[in-house]
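A short worksheet on the structure shown next.
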Protein chains: 2
Amino acid sequence: MYRIGELADLCEVKADTLRFYEKHGLLSPSSRTDSGYRVYTDADAARLRFILRAKAVGFTLSEISELLSIDLDKSNWACADVKGMVDLKLAQVQAKIAELLHFQTSLQSLSDACCGGPRSAEHCSILEALESSTERVRVEHDHGATDCTTTLDKSGN
Amino acid sequence: MYRIGELADLCEVKADTLRFYEKHGLLSPSSRTDSGYRVYTDADAARLRFILRAKAVGFTLSEISELLSIDLDKSNWACADVKGMVDLKLAQVQAKIAELLHFQTSLQSLSDACCGGPRSAEHCSILEALESSTERVRVEHDHGATDCTTTLDKSGN
DNA sequence: ATAAACCTTAGAGCCTACTCCAAGGTCAAG
DNA sequence: CTTGACCTTGGAGTAGGCTCTAAGGTTTAT
Ligand SMILES: [Zn+2]
Ligand SMILES: [Zn+2]
Ligand SMILES: [Zn+2]
Ligand SMILES: [Zn+2]
């Protein structure tokens with residue numbers, strides 16, 4: 001039996017978070033004291049850990065709701081249903097990774113092209129690339145050099 | 001000179017988006033017709049393309065605001081400032097990628113362990129793993145087999 | 001002249017997951 | 001019997017980027 005703050009400390013979340021989960025139907029305390037304090041059982045704690053583990057693999061709270069209701073009614077669901085949810089989430093995660101890898105590549109080539117020095121940004125190839133995308137990013141030389149405008153493939157070679 | 005819908009079509013965004021950008025100080029039309037219609041110039045269109053390119057490498061609108069004001073006042077900024085923004089964003093993107101790769105690995109090992117078949121989820125190792133994390137995920141055999149409980153390293157070997 | 005297609009505004013709504021606040025009730029220690 | 005730590009509620013705020021609505025004005029083509 002835990003009060004809200006105890007369970008929160010135990011699982012390293014805030015009491016506010018537990019109230020939030022309750023409001024959204026994820027986790028309700030099994031009972032209340034006479035004065036209205038929430039009282040959580042070990043089963044409630046286990047449910048909270050289920051939620052936190054599912055969060056840790058990337059599920060949203062509404063997906064976790066679904067997983068929780070499947071978990072409470074396993075005999076009416078098949079492995080295919082559960083695996084389907086995991087595979088769908090996996091596909092979403094992979095799509096997001098692909099997008100971010102694209103960002104990473106572009107940012108890296110912008111970064112590589114810029115000298116990063118203290119001179120005026122008037123010659124900055126990052127700004128230039130954003131102003132008019134040429135699919136090639138002009139590389140700034142080490143400064144002190146006279147010429148500052150060699151071209152280079154966006155991939156950074 | 002473009003009306004809002006024309007510029008929107010030209011750049012494949014919605015007119016609402018342009019109004020939104022205006023409200024947030026990113027892009028204001030250079031003038032208005034007598035009847036109050038927004039009128040965008042080629043310079044405005046160029047600014048919009050700057051915004052879209054910056055979005056395409058992962059910057060948020062408030063970061064783009066900053067980039068735009070630097071771009072309009074280049075002589076008072078250094079390459080270091082611009083590169084700093086790019087490198088910061090790069091670090092954020094990489095951190096997010098790392099998190100998602102972690103999700104990916106976990107989801108993949110959950111998926112691999114589950115038979116995905118039509119039988120009751122009562123034996124599902126995904127649910128089992130979420131119920132009580134053991135750092136190992138039980139692998140379900142191909143069904144039809146008698147035994148369904150070999151253990152396996154989370155990495156999938 | 002009229003209908004379709006366009007434009008205007010202010011403001012609300014959506015999504016995710018909290019996080020914080022105010023105003024007040026409860027409980028154990030000293 | 002007071003202090004301080006804890007708890008209660010409802011509701012607002014945050015970030016990010018739109019998206020939509022209502023109620024009306026303008027332009028263009030037929
Ligand atoms: Zn430079
Ligand atoms: Zn530069
Ligand atoms: Zn199975
Ligand atoms: Zn399964």
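Just the heavy atoms: all of them, side chains too, but no hydrogens, waters or symmetry mates, feed the values below. Just so it is clear: chains get the letters A, B, ... in the order the sequence lines come, proteins before strands, and each one is counted from 1.
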query: When you check the phosphate oxygens OP1 and OP2 of D:dT19, does a side-chain N or O of B:Lys23 lie under 4.0 Å from one of them?
result: no
query: Which nucleotide of DNA chain C is the first, and which the last, in the 5' to 3' direction, to come under 4.0 Å of a heavy atom belonging to chain A?
result: C:dA17 to C:dC27
- request: Measure the shortest side-chain to side-chain distance between A:Leu61 and A:His24 over non-hydrogen atoms and say whether it is less than 4.5 angstrom.
  value: no
task: State, yes or no, whether a side-chain contact exists between B:Leu10 and B:Glu6 at a heavy-atom distance under 4.5 Å.
output: no
Send over the distance from [X] [atom1] to [N] [atom2], rounded to a whole Å.
X	N	atom1	atom2	answer
B:Leu26	D:dG16	CG	P	13 Å
B:Phe20	D:dC18	CZ	C1'	6 Å
B:Glu22	D:dT19	CD	P	17 Å
A:Glu99	D:dG16	CD	C1'	14 Å

- request: Return the 5'-most residue of the pair A:Thr17, A:Asp34 with respect to DNA chain C, ranking by each residue's nearest nucleotide.
  value: A:Thr17
message: Closest-nucleotide mapping onto DNA chain C: is A:Lys14 or A:Thr33 further toward the 5' terminus? I mean the 5' end.
response: A:Lys14
- line: Sequence neighbours excluded, the answer for side-chain contact (heavy atoms from CB on, under 4.5 Å) partners of B:Ser31 is B:Val39
message: Applying the salt bridge (charged side-chain N to carboxylate O under 4.0 Å, His left out) criterion to B:Lys74, which one of A:Glu131, A:Glu128, A:Glu122 satisfies it?
response: A:Glu131
Rounded distance [0.5 Å steps], OG1 in B:Thr105 versus CG in B:Leu100: 10.5 Å
Distances under 3.5 Å between protein N/O atoms and the N/O atoms of nucleotides 7-9 of chain D, please, pair by pair.
from  : atom 1 : to      : atom 2 : distance (Å)
D:dC7 : OP1    : A:Gly5  : N      : 2.8
D:dT8 : OP1    : A:Arg38 : N      : 2.7
D:dT8 : OP1    : A:Arg38 : NH1    : 2.9
D:dT8 : OP2    : A:Arg19 : NE     : 3.4
D:dT8 : OP2    : A:Arg19 : NH2    : 3.2
D:dT8 : OP2    : A:Arg38 : NH1    : 3.1
D:dT8 : O5'    : A:Arg38 : NH1    : 3.4
D:dT9 : OP1    : A:Arg32 : NH1    : 3.2
D:dT9 : OP1    : A:Arg32 : NH2    : 3.4
D:dT9 : OP2    : A:Arg38 : NH1    : 2.9
D:dT9 : OP2    : A:Arg38 : NH2    : 2.6

- prompt: Using a distance-only test with no angle check, is there a side-chain donor-acceptor pair under 3.5 angstrom linking A:Ser109 and A:Asp112?
  reply: no
field: Presence of salt bridge, B:Arg47 and B:Asp44, under 4.0 angstrom
entry: no
task: Run the salt-bridge test on B:Glu22 and B:Arg32 with the 4.0 Å N-O cut-off and return the result as yes or no.
output: yes
